[in-house]
**Q** 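One structure, pasted below without further comment.
Sequential numbering from 1 along the given sequence is applied to the chain's residues. Nothing here was measured: the structure is a model prediction, and the numbers come from that model.
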Amino acid sequence: VWLKGPYYDAARARSWPEFNAVRSALSRVWATDRLFLQSHVTGYEESVALSAYRGEILECVSMRKREVTEENKTWAGDISDVPEEFMRPLRECIRRLNWTGGAELEMVRDAEGQLWLLEMNPRFPAWIHGATIGGRNVVGRLVEGATGIAMEPAEVQSEEFTRVVLEVPVGRSFPLPPLPEPLGGGIGHSLKHPSGIPKLAERLQELNLLPHQGEANGNGHAETKTNGAPDVPPSFVADLDTYNFEEMETPDWLFLQTTAADLFSRASNVARTLTTDETQVSNAYSIKTNPDERMVRLAYQSGFYAEAISLLEVRKALDIGFKPEQVILNGPGKWWPEGLLPKGAIHAVFCDSIADVERVSAALESGELQSKIVGVRLRTPHIESRFGIPVHTPEDFRALVEAVERLPRTSAFGVHFHMASSNIGVQQWWHLYEAMLRWCKSIEGLTGRRIECLDVGGGWFPDDWHAHSDDQFAGAVARARKTLPSVRQIISEPGKALAQPSMAVAMRLLEIQEMGGDVKEAVVDGSIAELPMHFFQPHRVLRRDSRTGRWQTLGRGHTRLMGRLCMEHDVVAEGVELPEDARVGDLLVFCDAGAYDRSMSYVFGRG
């Protein structure tokens, strides 16, 4: 995503911690939390600059960026006419605004040729002199229109321009100021426009205050508020109301039984609905996501497969009730520890490397391993990953093809693809999914092996299973069937999406510190030992009113919640707003902690 200031400044954020740092920096510079948020669109940037007088466009020019700075600012570009189909609505827009002056529309063109508007600036762009090199004096036309004095025609020197840096001496009587040095890892303002505008913005914000946080509604359900308080499904509140918090010793883990059961049931129903006579759609629960027995048992009761990355996880699945034919083995260390391989045939095994292909082939031929499906896990090209067999060079792909040809034909052949969309972005994940289908088609053509099983993971978020539309998942299944006509089973792995909302962590406020103004710091009895994924994902936070028992979602604010540990990075939430009546001893519940927060939590600072 991109975060933008209210007047200028834009910064790209590729992860949740980076997003938090950028948001904090921009909010500090512009004295407001009212920032612009945009989805990142992959493509090439273009601009249209114009001058207009009393609602009539006098000159207009198109520019494509050919070289950019680290801040993505234009360094070189080419100049051309604006297409008439673009000019018609632009003329109408400028006419309705009765615009006088310069303006720039910044856009990005995606791979399909669609233009996306990034912003419209009420000024000439910094590259405007580049337009005069292309014979279009946009600024001169404005002066001509306003004064009636004819400008001299601009000479076409080239259709392309670039910038050149020129160093000049600094006067001894007025030396350069020292460069500010932010703390290591901090994000500061770039000072690319050293002016008084941030101070002016601070004065303007004093006249435009943010609304205050509201409370939950009368039925106890948490509500979305104008200060950015997140929405919370009613099942969260219903599950929390089953606990006796008066007797609970915190921090403590909360299993949201109804929420978890509903999510697993919905995933099961979706798979059942999309199953046809030709292709079965199934779910698999990745045990590593959260090995809590209640979660694994829900997966078993909901008709899931058990996906294991070690033989210890296989044993856990079998102890809970899974049959060997309901187990999928995956990952680079799945044969550890030795001696625990089940006697019966498992459902599928996916090879994580060429060496793993050799080992699996030998185990199948000797009878040590029995599996209905044997396949390979593909490593995503151009995106860093340590898992799967690479395909991004001809040599790698040749090695994969030769390895697949050596797999015993006594088992059906399958392909596994897994990449966390929370790491790379949802849109990028869907691009990867389409690319993987094409790789699968190529593997079929070069090996002569038909892909009968496609196992896909990492693409789902909790809200995908809370929502009422299954169009996206249904479309993915349809595309797989169309690309791979021989596919007999499509396995989805929505483990994180199901587990994450299914548990929460209860904490209590130990101390509230006033820092001046509305900035506060508070200490809780929980910590990153219970919430290790705080740095990588947002957590919705609920506060229980000690007087009424009602639940209230914490929205955006200036409070930092610090954990109990004596560690600098033990901060469990930043930029939240505690209500004015918050007191020591108040209960806070951190939602969305049921996946890797729970499975990666550790014991620390408990004596």
Side-chain angles (χ1 to χ4, degrees), residues 1-4 10-14 36-50 52 57 59-97 103-121 124-128 130-131 133-136 138 158-162 380-383 392 419 421 424-442 459 469 471-476 478-480 482-483:
V1 297
W2 286 84
L3 270 172
K4 298 187 174 184
R12 186 177 177 184
R14 295 172 175 83
F36 292 98
L37 178 65
Q38 290 182 341
S39 173
H40 175 74
V41 178
T42 301
Y44 296 102
E45 291 194 29
E46 302 180 14
S47 290
V48 168
L50 64 90
I57 294 179
E59 183 67 270
C60 194
V61 64
S62 177
M63 186 277 296
R64 292 187 306 169
K65 295 184 180 182
R66 303 293 293 275
E67 293 285 349
V68 295
T69 66
E70 289 185 359
E71 293 80 21
N72 218 44
K73 300 302 179 182
T74 304
W75 192 256
D78 58 48
I79 299 298
S80 62
D81 294 326
V82 180
E84 181 57 31
E85 60 267 23
F86 192 98
M87 284 296 299
R88 282 194 298 272
L90 182 59
R91 288 193 193 98
E92 179 63 21
C93 175
I94 295 300
R95 189 173 294 116
R96 291 192 181 191
L97 291 171
E104 178 195 22
L105 286 79
E106 293 192 66
M107 299 159 288
V108 61
R109 188 181 298 274
D110 65 19
E112 284 74 37
Q114 174 68 47
L115 275 176
W116 297 85
L117 179 66
L118 299 179
E119 59 192 38
M120 181 173 177
N121 298 313
F124 289 118
W127 57 264
I128 196 64
I133 294 174
R136 296 165 177 83
V138 184
S158 173
E159 294 181 349
E160 299 178 335
F161 68 88
T162 188
T380 51
H382 308 303
I383 294 179
H392 64 279
M419 171 58 71
S421 57
I424 63 172
V426 175
Q427 186 179 30
Q428 180 74 353
W429 190 92
W430 284 105
H431 285 312
L432 272 178
Y433 176 72
E434 297 286 352
M436 284 299 170
L437 290 181
R438 292 192 291 272
W439 283 109
C440 288
K441 190 70 174 176
S442 297
S469 173
D471 294 344
Q472 194 173 45
F473 188 28
R479 289 193 292 278
K482 182 178 180 181
T483 307

**Q** Any heavy-atom pair between the side chains of Tyr44 and Arg64 that's under 4.5 Å?
**A** no

**Q** Is a donor on one side and an acceptor on the other found under 3.5 Å between the side chain of Ser158 and the backbone of Glu160?
**A** yes

**Q** Begin from the C-alpha positions of Thr42 and Asp110 and carry the test side chain to side chain contact (heavy atoms under 4.5 Å, CB included) through to its verdict.
**A** CA-CA 6 Å; Thr42 301; Asp110 65 19; over 6 Å; no

**Q** Measuring from atom CD of Glu45 to atom CG of Leu115, what distance do you get when rounded to the nearest 0.5 angstrom?
**A** 11.5 Å

**Q** Would you say Glu67 has more than 12 foreign heavy atoms packed within less than 6.0 Å of its CD?
**A** no

**Q** Under a 3.5 Å cutoff, is there a donor and acceptor pairing between the side chains of Glu106 and Ser47?
**A** no

**Q** Angle class for the Trp430/Tyr433 ring planes (parallel below 30°, perpendicular above 60°, tilted otherwise)?
**A** perpendicular

**Q** Would you say the side chain of Met436 lies within less than 4.5 Å of the side chain of Thr380, judging by non-hydrogen atoms?
**A** yes

**Q** Let me confirm one number: the OG1-CD1 distance from Thr74 to Ile128, rounded to the nearest 0.5 Å.
**A** 11.0 Å

**Q** Hey, what do you get for CH2 (Trp75) to OG1 (Thr162), rounding to the nearest 0.5 Å?
**A** 7.0 Å

**Q** Which pair of heavy atoms, one from Leu105 and one from Leu50, lies closest together, and at what distance?
**A** CD1-CD2, 4.3 Å

**Q** When you compare the side chains of Trp127 and Glu104, does any donor N or O come within less than 3.5 Å of an acceptor on the partner?
**A** yes

**Q** For residues Val82 and Val61, report the shortest heavy-atom separation together with the two atoms involved.
**A** CG2-C, 3.6 Å

**Q** To the nearest 0.5 Å, what is the distance between CG (Leu437) and OG (Ser442)?
**A** 11.0 Å

**Q** Do Lys4 and Glu119 sit within salt-bridge range, that is, some charged N less than 4.0 Å from a carboxylate O?
**A** yes

**Q** Please lay out, stage by stage, how Leu3 and Gln38 fare under the test side chain to side chain contact (heavy atoms under 4.5 Å, CB included).
**A** CA-CA 7 Å; Leu3 270 172; Gln38 290 182 341; over 6 Å; no

**Q** Grab the two heavy atoms, one from Gly77 and one from Arg66, that are nearest each other, plus how far apart they are.
**A** CA-CG, 3.7 Å

**Q** Measure the spacing between CG of Asp78 and OG of Ser62 and express it to the nearest 0.5 Å.
**A** 8.0 Å

**Q** Whether Arg96 and Glu92 form a salt bridge (side-chain N of Lys/Arg under 4.0 Å from carboxylate O of Asp/Glu) is what I want to check.
**A** yes

**Q** State, with a plain yes or no, whether a side-chain heavy atom of Ile424 is found less than 4.5 Å away from one of Trp429.
**A** yes

**Q** Would you mind checking if Glu46 and Arg109 are paired as a salt bridge, meaning a charged N to carboxylate O distance below 4.0 Å?
**A** yes

**Q** Side chain to side chain contact (heavy atoms under 4.5 Å, CB included) for Leu432 and Met419? Distances and angles first, verdict last.
**A** CA-CA 9 Å; Leu432 272 178; Met419 171 58 71; 4.1 Å; yes

**Q** Can you confirm whether Ile79 sits close enough to Arg136 that some side-chain heavy atom of one is under 4.5 Å from a side-chain heavy atom of the other?
**A** yes

**Q** Contact between Glu159 and Ser80 at the side-chain level, heavy atoms closer than 4.5 Å - yes or no?
**A** no

**Q** Count the heavy atoms of every other residue, nucleotide or ligand shown that sit under 6.0 Å from NE2 of His392, and state whether that count exceeds 12.
**A** no

**Q** May I ask you to decide if Val68's main-chain N or O and Lys73's side chain share a donor-acceptor pair within less than 3.5 Å?
**A** no

**Q** Go through the steps to decide whether Phe86 and Val48 satisfy the test side chain to side chain contact (heavy atoms under 4.5 Å, CB included), and finish with yes or no.
**A** CA-CA 10 Å; Phe86 192 98; Val48 168; 4.0 Å; yes

